[in-house]
Amino acid sequence: SRFRQVIDIKKEDKNFIQDRTIYEDAFIFAPNLHSMGLMSTRDFENYKELFSLMDSLVEGPDLLIYLRSSVPTLVSQIQKRGRDYENSIRLDYLTQLNDRYEAWISEYDKGNLLIIDVDDINFSENEEDLGNIIEKIDAKINGLF
C-alpha cells in the first residue's frame with residue numbers, strides 16, 4: 001500500500017508529506033518480523049525481491065526527515081498518546097526497532113536527509129522548537145546547507 005501511495009503521489013503535481021516510507025517496511029519492520037520468527041525465511045526473501053523491484057521503479061523522497069529518539073523518549077511519547085494498542089508494546093521490541101532505524105539511517109543514500117534529535121525538544125508544544133525545525137527543513141529543501 002505504501003508503494004501505491006508513492007506512485008499516486010508522483011502522479012500529482014503537488015508537494016506531499018508522508019508519515020512513513022517504503023524503506024521502513026523493507027529495512028526495519030520486515031527484517032524485525034523475520035528475526036522474531038513471525039515471517040518465514042521464504043516469505044522474507046520474496047518480500048526483499050519484491051521490494052527491490054518496487055525500489056527500482058520509484059525515486060526517493062525529496063527530503064527524508066528522521067526524528068531520532070532514545071527509547072525512554074519513545075516510551076514517554078507512547079504514554080502521552082495513551083493509545084490502548086500501543087500500551088502493550090514491549091521495551092525490548094522498541095529497542096530492536098530503534099536499533100534497526102539507526103542502522104538504516106546511517107546508510108541512507110536515497111536523497112536529501114535531515115536528522116532531528118527529538119530527545120531535548122518539544123516541537124508539538126514549543127513554538128521556538130517548531131520554528132527551528134521549520135528553518136532546518138527550509139534550508140534543506142532550498143539548498144542553503
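Here the structure is a predicted model, which means the values were calculated and not measured.
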If you look at every heavy atom in K140 and N112, which pair is closest and at what distance? O-ND2, 3.0 Å
Within-4.5 Å side-chain heavy-atom neighbours: I7 and K10: no
What do the steps show when you test D25 against R20 for salt bridge (charged side-chain N to carboxylate O under 4.0 Å, His left out), and what is the final call? CA-CA 9 Å; D25 294 337; R20 296 245 185 247; over 6 Å; no
For residues S76 and Q79, is any side-chain donor paired with an opposing acceptor at under 3.5 Å? no
Does some side-chain heavy atom of I65 sit less than 4.5 Å from a side-chain heavy atom of K136? no
Is it possible for you to say whether I141 and L130 belong to one hydrophobic cluster, with membership spreading through side-chain heavy-atom contacts below 4.5 Å? yes
Using the rule given for side-chain hydrogen bond (donor to acceptor under 3.5 Å, both in side chains), can you reason through N122 versus S124, listing the C-alpha separation, both sets of side-chain angles and the distance that settles it, and then say yes or no? CA-CA 6 Å; N122 187 347; S124 64; 3.0 Å; yes
Going through the checks in order, is the side-chain contact (heavy atoms from CB on, under 4.5 Å) test met by I105 and L64? CA-CA 10 Å; I105 210 65; L64 179 79; 3.6 Å; yes
Judged by modelled atom types alone, do D138 and N142 share a side-chain donor-acceptor pair under 3.5 Å? yes
Is L57 atom CG crowded by more than 12 heavy atoms from other residues, nucleotides or ligands, each under 6.0 Å away? yes
Of F27, F29, F3, the one forming a ring-ring contact (aromatic ring centres under 6.0 Å, His included) with F51 is F27
Between N126 and I121, is there a side-chain heavy-atom distance shorter than 4.5 Å? no
Between K14 and F16, which heavy-atom pair has the shortest distance, and what is it? O-CD1, 3.6 Å
Quick one: CG on N46 to OG1 on T41, what's the gap to the nearest 0.5 Å? 11.0 Å
Side-chain heavy atoms under 4.5 angstrom apart, residues restricted to Ile, Leu, Val, Met, Phe, Trp, Tyr: same cluster for I9 and I22? no
W104 vs Y23 aromatic rings, parallel, tilted or perpendicular, using cut-offs 30° and 60°? parallel
How about CG on D99, more than 12 heavy atoms from neighbouring residues, nucleotides or ligands closer than 6.0 Å, or not? yes
Could you go step by step and tell me if F123 and L67 meet the side-chain contact (heavy atoms from CB on, under 4.5 Å) rule? CA-CA 11 Å; F123 59 87; L67 302 178; 4.2 Å; yes
Verify side-chain contact (heavy atoms from CB on, under 4.5 Å) between I28 and L97, making sure each step is shown before the conclusion. CA-CA 7 Å; I28 288 112; L97 291 180; 3.7 Å; yes
According to a 4.5 Å side-chain heavy-atom criterion applied to Ile, Leu, Val, Met, Phe, Trp and Tyr, with indirect links allowed, do M36 and L91 form part of one hydrophobic cluster? yes
Keeping Q77 on the side-chain end and L74 on the backbone end, is there a donor-acceptor pair under 3.5 Å? no
With a cut-off of 6.0 Å (strictly less than), are more than 12 heavy atoms of other residues, nucleotides or ligands near CZ of R4? no
Between S52 and E49, is a side-chain hydrogen bond (donor to acceptor under 3.5 Å, both in side chains) present by the stated rule, with each step listed? CA-CA 5 Å; S52 180; E49 286 294 319; 5.6 Å; no
Checking side-chain contact (heavy atoms from CB on, under 4.5 Å) for the pair Q18/V6: CA distance, chi angles, key distance, verdict? CA-CA 9 Å; Q18 194 175 19; V6 171; 4.1 Å; yes
Tell me whether D92 at atom CG has more than 12 heavy atoms from other residues, nucleotides or ligands lying less than 6.0 Å away. yes
Hydrophobic cluster membership, with links at side-chain heavy-atom distances under 4.5 Å among I/L/V/M/F/W/Y: are L38 and L94 in one? yes
Y108 reachable from I17 in the ILVMFWY side-chain graph, under 4.5 Å edges: no
Rounded to the nearest 0.5 Å, what separation is found between the CZ atom of F44 and the OG atom of S35? 8.5 Å
Closest non-hydrogen contact found for E24 with T21 is OE2-N, 2.8 Å
Is the number of heavy atoms from other residues, nucleotides or ligands under 6.0 Å of E59 CD greater than 12? no
Spatial distance of atom OH (Y66) from atom CD (E102) [nearest 0.5 Å]: 3.5 Å
Ion pair check, E45 and K48, cut-off under 4.0 Å: yes
Measure across P31 and R100 and return the closest heavy-atom pair with its distance rounded to 0.1 Å. CB-NH1, 3.4 Å
